[in-house]
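What follows is a short report on a single structure.
Only a predicted model underlies this, so the values are computations on that prediction, with no experimental measurement involved. In each ligand, atom 1 is the first atom listed, and ligand 1 is the first ligand listed.
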Amino acid sequence: MATKLSVNINKIATLRNSRGGNNPNLVQVALDCERFGAQGITVHPRPDERHIRYKDVIDLKPLLSTEFNIEGNCTEKKFVDLVMNIKPEQVTLVPDSGGQLTSDHGWDTIKHKDYLIDMIAQFKSAGIRTSIFVNADIKMIEGAKATGADRIELYTESYAHNYSTNKELAIQSFVAAAKKANELNIGINAGHDLSLENLNYFAQQIPNLLEVSIGHALIADALYLGLENTIQLYLRQLKINH
Ligand code: PXP
């Protein structure tokens, strides 16, 4: 089964917001990503709405024909209400704090076990698939399983950062985490700093990688290569024969 590509469109919203108008048109870009082959759209609304606005999420929902993945911090009531109202295919729980530039760590699924059990149950009761953003740490994978989550999203920043120095070493903890996840029968997503350079090796090495969500590098590549071509190139990196 091929790994799905979900395009994170936060950067499109950042560009739009920088001028206050509707250029680029976020909804149109999302629909074009789908038309160009993306199998999902990811958004990460934050309380300050500095990129994706809550209204964007509401506008997108009825128009998308692929998987809608909403990421964010479930300790924000506004986020939980939005997700429960929109009912996307998937919610990804990310423990980010207010002023954070971007997500920079996964959930501590052991320390916050009881809290996560409640949140996961709430989203699942609405028929929403649940995923927990975690570091590639076996204990955190076991902890995620204990919450009842359907999937984990592996935080791939360290892999991406170390890829060019020593890719075999960079992938090690991710392979171990993925093996544990497969053993426990919890699905595997991944994201953060994945790129045309490092994606293929990651997909080759991680057994049963269900989905990657990619924003920053993909949108940056699209400036040079065009969005359609870029999405096709990313999809090609994910075509692996295990
Ligand atoms: N996954 C999560 C949980 C994220 O917060 C982000 C960034 O918003 C991504 C994936 C995508 O990361 P990138 O923009 O580096 O591709």
Between [X] and ligand 1, which residue portion shows a heavy-atom distance shorter than 4.0 Å: side chain, backbone, both, or neither?
X	value
His216	both
Asn10	side chain
His192	both
Asp193	both
Lys11	neither

Notebook entry, point to check: Quick check: does Arg46 get an N/O under 3.5 Å from an N/O on ligand 1?
Noted result: no
| query | Looking at ligand 1, does any of its N/O atoms fall within less than 3.5 Å of an N/O of Val94? | reply | no
Any donor-acceptor pair under 3.5 Å linking the side-chain atoms of Ser131 with those of Gln90?
no
Closer than 4.0 Å to some heavy atom of [X] - which atoms of ligand 1 meet that?
X	answer
Ser213	1 (N), 10 (C), 11 (C)
Ile214	16 (O)
His44	5 (O), 8 (O)
Glu153	1 (N), 2 (C), 3 (C), 10 (C)

Value for OH (Tyr159) from CG (Leu194), rounded to nearest 0.5 Å, stands at 7.5 Å
*Go through the steps for Glu183 and Lys180 under the test salt bridge (Lys or Arg N to Asp or Glu O under 4.0 Å), then give the verdict.*
CA-CA 5 Å; Glu183 208 177 288; Lys180 177 54 76 179; 3.0 Å; yes
Tested for side chain to side chain contact (heavy atoms under 4.5 Å, CB included) against Ile214, the lone hit among Ile231, Val7, Leu199 is Leu199
Taking Pro45's backbone N and O only, do any of them form a donor-acceptor pair with Glu49's side chain (distance below 3.5 Å, no angle check)?
no
I'd like to know if the side chain of Asn10 and the backbone of His44 have a donor-acceptor N/O pair within less than 3.5 Å.
yes
Discussion item. Closer than 4.0 angstrom, basic N to acidic O: yes or no for Asp48 and Arg46?
Written reply: no
State plainly whether the residues Arg35 and Asp32 are in salt-bridge range, i.e. N to O under 4.0 Å.
yes
